S.K.: 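Can you read through this structure? Questions will come right after.
Heavy atoms only: backbone and side chains are in, while hydrogens, waters and symmetry mates are out. This structure is a prediction, so every number in the text was calculated from the model and none was measured.
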Amino acid sequence: MSELQTDARPSSIDSWMEEDDGAETLEPHTYVTLELAGQVFAVDVGNVREILDLQPISRLPNAPADLLGMIDVRGEGIAVIDLPSQLGLMHQANPEDARIVVFELGPEPRKPIGVIADRVLSVVAIAKADIEPAPDAMSRWRSDAMIGVARIDGQLTMMLALDRLFGVAASGLFDFA
């Protein structure tokens, strides 16, 4: 699998969640599911620019620990972030199955950010009614990076809100162009 190109219009998950002014939306929304550190996550397909085979990542001097480096994609430098570490998970990528998922985040012009996924699983449609809120753990855990939780084929799937998770990064922190 070298690339995923999509015709889906880029969308902010916040605008999608608020668009129906209280009424349940019957129309499912499309997500890409991927595995990170043995857990399944779903990301709005409108944020996925492409999926690439694993390739060498150039380390950057004095970069923070969660910035793995950058890759060159057709002449464009793209930051590669260690998303599992940002989520408090241990990265366990199998190089045979691992892919670099390039997301586009933020307002226009959208900024690309790469993430190494252990595996890219599938593209699924999930109705808003099938999304449960993130659990209230009554601890310092912040669930604001999640839209909620859905069950896909009987497995809990954490639904990420990437624009919220990468709030600072989406505004241009890793702009290599």
Side-chain angles (χ1 to χ4, degrees), residues 1-53 78 80-94 97-108 110-139 141-167 169-170:
M1 172 188 286
S2 61
E3 293 185 20
L4 169 75
Q5 298 289 339
T6 178
D7 294 332
R9 64 178 168 81
S11 63
S12 161
I13 204 62
D14 291 323
S15 65
W16 175 70
M17 295 297 284
E18 297 169 1
E19 72 185 11
D20 63 54
D21 59 6
E24 286 298 314
T25 303
L26 299 177
E27 191 72 29
H29 197 71
T30 308
Y31 296 87
V32 173
T33 58
L34 48 105
E35 188 176 307
L36 298 170
Q39 299 205 39
V40 178
F41 292 88
V43 178
D44 184 325
V45 75
N47 289 117
V48 179
R49 179 167 110 181
E50 57 191 320
I51 298 172
L52 306 169
D53 290 331
I78 296 178
V80 178
I81 305 297
D82 185 358
L83 183 56
S85 74
Q86 284 197 346
L87 297 171
L89 304 170
M90 297 288 295
H91 199 105
Q92 356 169 343
N94 175 355
D97 296 330
R99 300 289 183 263
I100 297 176
V101 182
V102 179
F103 300 116
E104 286 187 326
L105 305 173
E108 294 296 333
R110 294 164 54 88
K111 301 289 183 190
I113 293 178
V115 169
I116 298 175
D118 299 341
R119 291 187 313 149
V120 175
L121 302 171
S122 63
V123 176
V124 297
I126 303 172
K128 184 176 175 184
D130 293 334
I131 300 172
E132 301 172 28
D136 182 7
M138 297 183 73
S139 71
W141 177 67
R142 292 181 51 216
S143 63
D144 61 342
M146 290 179 54
I147 298 164
V149 179
R151 287 176 176 74
I152 300 173
D153 296 328
Q155 186 170 18
L156 284 177
T157 301
M158 311 304 158
M159 304 186 64
L160 293 175
L162 293 176
D163 283 330
R164 286 186 247 160
L165 182 64
F166 291 115

S.K.: Just verifying a value: how many Å separate Lys111 NZ and Leu105 CG, rounded to the nearest 0.5 Å?
M.R.: 11.0 Å

S.K.: Side chain to side chain donor-acceptor pair (under 3.5 Å) with Thr30: which residues, sequence neighbours excluded?
M.R.: none

S.K.: Carefully, step by step, assess Leu87 and Phe41 under the rule side chain to side chain contact (heavy atoms under 4.5 Å, CB included).
M.R.: CA-CA 11 Å; Leu87 297 171; Phe41 292 88; 3.9 Å; yes

S.K.: Scan Asn47, Val48, Val124 and name whichever one has a side-chain contact (heavy atoms from CB on, under 4.5 Å) with Val32.
M.R.: Val48

S.K.: Do the side chains of Leu34 and Val40 get nearer than 4.5 Å, heavy atoms only?
M.R.: no

S.K.: If every non-hydrogen atom of Ala98 is compared with every non-hydrogen atom of Ile116, which pair is closest and at what distance?
M.R.: CB-CG2, 4.3 Å

S.K.: Would you check, one step at a time, whether the test side chain to side chain contact (heavy atoms under 4.5 Å, CB included) holds for Ile131 with Val149?
M.R.: CA-CA 6 Å; Ile131 300 172; Val149 179; over 6 Å; no

S.K.: Atom CE in Met158, atom CG in Leu156: separation rounded to 0.5 Å?
M.R.: 5.0 Å

S.K.: Kindly give the heavy-atom pair with the smallest separation between Pro112 and Arg110, and that separation in Å.
M.R.: CD-O, 3.9 Å

S.K.: Once you round to the nearest 0.5 Å, how far does CD1 of Ile81 lie from CZ of Phe103?
M.R.: 11.0 Å

S.K.: Arg49 vs Ile78, test: side chain to side chain contact (heavy atoms under 4.5 Å, CB included). Steps then yes/no.
M.R.: CA-CA 12 Å; Arg49 179 167 110 181; Ile78 296 178; 3.3 Å; yes

S.K.: What distance do Ile152 atom CD1 and Ile126 atom CD1 have between them, rounded to the nearest 0.5 Å?
M.R.: 3.5 Å

S.K.: For the CZ atom of Arg119 and the CD atom of Glu35, what is their distance to the nearest 0.5 Å?
M.R.: 4.5 Å

S.K.: Taking the side chain from Asp44 and the backbone from Gly46, do they hold a donor-acceptor pair closer than 3.5 Å?
M.R.: yes

S.K.: Main chain of Ala37, side chain of Asp118: is a donor-acceptor contact present, judged purely on distance under 3.5 Å?
M.R.: yes

S.K.: With sequence neighbours left out, write down each residue that passes side chain to side chain donor-acceptor pair (under 3.5 Å) with Gln86, or none if nothing qualifies.
M.R.: Asp66

S.K.: Distance from Ile100 atom CD1 to Asp53 atom CG, nearest 0.5 Å?
M.R.: 9.0 Å

S.K.: Test of understanding: with side chain to side chain donor-acceptor pair (under 3.5 Å), list the residues that count as partners of Gln39, not counting sequence neighbours.
M.R.: none

S.K.: Would you name the heavy atoms of Leu36 and Leu83 that are closest together and state the gap between them?
M.R.: CD1-CD2, 3.6 Å

